[in-house]
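In what follows, chains are A, B, ... by sequence order, proteins preceding strands, each numbered from 1. Predicted model only: the values in this text are computed from it and were never measured.
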Protein chains: 2
Amino acid sequence: MPATIQDVARAAGVGRGTVSRVLNSRPNVDPVTRARVLEAIAALDFVPSAAARRLSLRRTQSIAVVTLHLTRPSVVERLRGIESALVDAALDMIVLNIETVERRDAVLRDVPRPERFDGLILISVAPHDTELAQIRRSGLPVVLIDAHHRALPRVVCDDVGGGMLAANHLLEYGHRRFGFIGDEPRPTLGVPSSRMRFRGVGLALREHGLAIRPEHVAEGEHTREFARELTETMLRSAARPTAIIAASDTKAIGVLEAARTLGIDVPGELSVIGYDDVEAADFVGLTTIHQPLAETGARAVHRMIGLIAGAARVPLREVLPVSLVERRTTGPAPA
Amino acid sequence: MPATIQDVARAAGVGRGTVSRVLNSRPNVDPVTRARVLEAIAALDFVPSAAARRLSLRRTQSIAVVTLHLTRPSVVERLRGIESALVDAALDMIVLNIETVERRDAVLRDVPRPERFDGLILISVAPHDTELAQIRRSGLPVVLIDAHHRALPRVVCDDVGGGMLAANHLLEYGHRRFGFIGDEPRPTLGVPSSRMRFRGVGLALREHGLAIRPEHVAEGEHTREFARELTETMLRSAARPTAIIAASDTKAIGVLEAARTLGIDVPGELSVIGYDDVEAADFVGLTTIHQPLAETGARAVHRMIGLIAGAARVPLREVLPVSLVERRTTGPAPA
DNA sequence: GTGGCGTGTGGAACCGGTTCCACAACCCCC
DNA sequence: GGGGGTTGTGGAACCGGTTCCACACGCCAC
């Protein structure tokens with residue numbers, strides 16, 4: 001049976017209020033008294049009850065983190081950044097994972113409860129307007145990661161910039177005909193970062209008076225197999241692209257497989273760029289866009305702590321820069 | 001400001017005790033009264049405060065999950081199984097990640113606190129004896145996953161069986177000279193599952209009157225590069241093995257790289273088997289051992305729920321079977 | 001009619017903290 | 001030496017649930 005604040009008070013011969021003041025290092029405690037209380041705390045191996053604290057303070061000391069597809073490497077990496085930052089702040093991290101639309105709706109309905117959490121961090125999930133209204137009513141601070149909502153603080157990586165980076169890298173190699181393999185343009189779950197990367201590519205090309213042909217844009221399910229199929233048809237077309245930008249490494253690997261089965265040499269006849277820099281990208285030798293994923297998590301936690309402390313919600317949007325990692329799947333355009 | 005049980009009691013014209021009885025569907029409540037209370041609950045959109053509940057019940061409704069290397073795919077997959085099972089049981093999952101020895105010790109010191117958690121699930125972490133004593137004193141139920149401790153309930157995959165499975169597969173292909181690439185035999189963090197897989201390999205070979213040569217066993221750090229280096233020296237030896245079993249897919253991919261740089265054909269001249277069946281194994285075409293990872297998580301949660309309800313700690317050890325996934329890196333032994 | 005029992009109910013006490021109020025002790029100054 | 005301010009402290013009230021006790025009421029049996 002763990003000791004309570006009352007036990008400590010008795011042992012130190014003081015009142016409960018005084019022990020509480022010592023615990024929270026409040027002023028107006030005589031140094032001698034403080035020492036006696038600390039001694040009693042040590043002697044009894046007293047640790048304040050989180051439950052009682054929460055009830056009394058009406059703060060839970062815990063943050064709900066809602067993830068979409070927990071098992072994706074990019075999500076886990078973000079989670080790691082969040083966990084580490086939350087530990088430093090002595091906040092508990094409660095993870096809620098979403099894999100289906102039903103669960104998404106259930107989670108977003110149940111989560112805005114001030115008596116359960118002090119704040120919400122949503123990864124790749126943006127609330128609908130009715131959900132937002134409910135969150136607002138609950139008074140809970142929210143920070144989005146890798147998601148967009150005009151009215152909520154969010155930490156994102158520069159998807160448009162990443163698309164431009166990829167395109168410019170290929171343009172420098174002299175490529176003129178580009179292909180793009182992306183996610184479904186209107187995902188039922190999650191956020192269209194794929195679309196923003198595509199926009200970045202388009203912007204970079206336009207600066208050179210170029211454009212990507214509609215038949216060289218293929219969007220669909222986030223699997224390797226699907227990407228391979230899409231790529232195979234694209235590469236069989238007459239004026240096939242000399243460079244393909246994929247919205248994820250998983251897709252890029254599908255692209256590489258398609259090239260292999262068609263006997264197209266990479267990077268001799270075709271350059272390929274991925275996105276995410278997952279572990280697999282390294283050993284496949286895939287050129288890709290690297291994002292500071294763990295850092296997005298850490299930044300989001302800092303924003304959250306600020307919001308809990310009452311800071312303003314500005315700047316709403318925090319954008320972290322991405323970088324290009326060149327490996328062995330990109331090279332000069334074929335003559 | 002959310003409604004409290006007092007508000008409901010007033011609205012329904014009953015006492016707080018009655019509302020509580022209705023909430024917890026206790027007997028001895030008049031159906032008419034019950035209906036009136038439920039009506040009031042609905043009208044006020046009342047949700048009981050978790051904090052107050054916890055304090056009063058002296059139960060936290062949350063489970064601490066301690067992970068070693070959260071970002072490894074196998075760990076995340078287990079976590080997914082745990083999360084899903086905990087949600088079904090209306091328990092919160094609080095994740096604590098370990099990356100360093102210091103943090104390991106800090107987490108194991110802080111975590112056995114009954115006022116914070118109702119139970120502990122440790123993934124790939126086993127407590128020392130002094131830590132175990134402290135956990136025992138706290139009275140918290142513990143379940144280990146992928147970890148061994150003679151006195152604690154645990155859910156593991158059949159590592160020895162997995163090793164045997166791999167070896168038997170290669171024996172059927174006529175291989176006689178085997179190599180093994182494993183983790184450090186005495187890891188500072190974590191559990192020597194690598195060693196148990198090695199034991200399985202040894203057992204299977206012995207049944208055929210074979211043994212693995214000491215110079216064909218290389219153990220070290222869990223990285224691809226390291227595995228590649230170890231393999232290169234092993235493959236340069238005179239009577240090099242015709243089949244290599246790696247204790248993880250990451251290592252196996254290092255093995256494949258080594259073979260490629262030395263110009264050794266896989267599976268023509270060398271067969272390679274990994275362990276884990278991570279996503280990358282699929283697109284590399286790696287033959288590997290598949291483990292029911294998410295299921296270990298779910299099983300652990302069920303054990304935990306049983307323990308919380310007061311079930312006995314037997315059976316202490318629960319072993320889940322593994323299976324072999326044959327892809328393109330194994331084949332008949334060279335003549 | 002009355003004693004005994006079961007059922008439904010209100011309300012006090014409790015879980016273990018925090019906060020606020022009241023008050024004592026002391027210092028200082030006029 | 002009395003009024004006013006500061007400092008340190010104890011203790012009550014509170015956070016919002018659960019649980020237990022006491023009691024009212026109805027029913028049945030003797």
- Item | CA sep, side-chain torsions, deciding dist, call: A:S74, A:D276, side chain to side chain donor-acceptor pair (under 3.5 Å) | CA-CA 7 Å; A:S74 57; A:D276 283 342; 4.7 Å; no
| Are B:D118 and B:S62 close enough, and set up right, to give a side chain to side chain contact (heavy atoms under 4.5 Å, CB included), and what steps lead you there? | CA-CA 6 Å; B:D118 288 352; B:S62 55; 5.9 Å; no
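Protein atom CZ of A:R59 is 13 Å distant from nucleotide atom C1' of C:dG17, rounded to whole Å. Atom pair A:Q6:CD and D:dA12:P shows a separation of 11 Å (rounding to whole Å applied). Counting to the nearest Å, the C1' atom of C:dG16 and the CZ atom of A:R58 are 16 Å from each other. Taking atom CZ of B:R21 as the reference point, atom P of D:dC20 lies 11 Å away to the nearest angstrom. B:L23 places its CG atom 15 Å from the P atom of D:dG16, with the value rounded to the nearest Å. Here C:dC15 presents its P atom at 19 Å from CZ of B:R54, a figure rounded to the nearest Å. Between the CZ atom of B:R16 and the P atom of D:dC14 there is a distance of 12 Å, rounded to whole Å. When rounded to the nearest whole Å, the span between CD1 of A:I5 and C1' of D:dC14 equals 14 Å.
Positionally, the nearest nucleotide of DNA chain C for B:D30 lies more toward the 5' end than for the other of A:T18 and B:D30. Taking the nucleotide of DNA chain C with the nearest heavy atom to each of B:G13 and B:S56, the more 5' of the two is matched to B:G13. Judged by closest nucleotide on DNA chain D, B:A52 is the one of B:A52 and B:R26 placed further toward the 5' end.
Across all strands, A:L57 comes closer than 4.0 Å only to sugar-phosphate atoms, never to a base (heavy-atom distances). Among the protein residues, A:V14 comes within range of the sugar-phosphate backbone only, with heavy atoms under 4.0 Å from sugar or phosphate atoms but none that close to a base.
Each of B:R303, B:R154, B:R313 was scored for a salt bridge (charged side-chain N to carboxylate O under 4.0 Å, His left out) with B:E318, with one residue passing: B:R303.
Set against C:dG8, D:dT9, D:dT18, the side chain of A:T33 has D:dT9 as its closest nucleotide. Taking every side-chain heavy atom of B:L55 into account, D:dG16 is the closest of D:dT18, D:dG16, C:dG17.
Between B:Q61 and B:D92, the side chains place no donor N or O within less than 3.5 Å of an acceptor N or O (distance only, hydrogens not considered). Side chains of A:R78 and A:T296: a donor on one and an acceptor on the other come within 3.5 Å.
Checked against side-chain contact (heavy atoms from CB on, under 4.5 Å), A:Q134 has the following partners two or more places apart in sequence or in another chain: A:P112, A:R137.
For D:dT18, the OP1/OP2 oxygens have a side-chain nitrogen or oxygen of B:S20 closer than 4.0 Å. B:N28 has no side-chain polar atom (N or O) that falls below the 4.0 Å cut-off from OP1 or OP2 of C:dT7.
Rotation axes derived from the C1' atoms of the five outermost pairs at either end of the helix from C:dG1-D:dC30 to C:dC30-D:dG1 lie 60° apart, to the nearest 10°.
Within 6.0 Å of atom CD in B:Q6, more than 12 heavy atoms from other residues, nucleotides or ligands are found, so the atom counts as buried in its surroundings.
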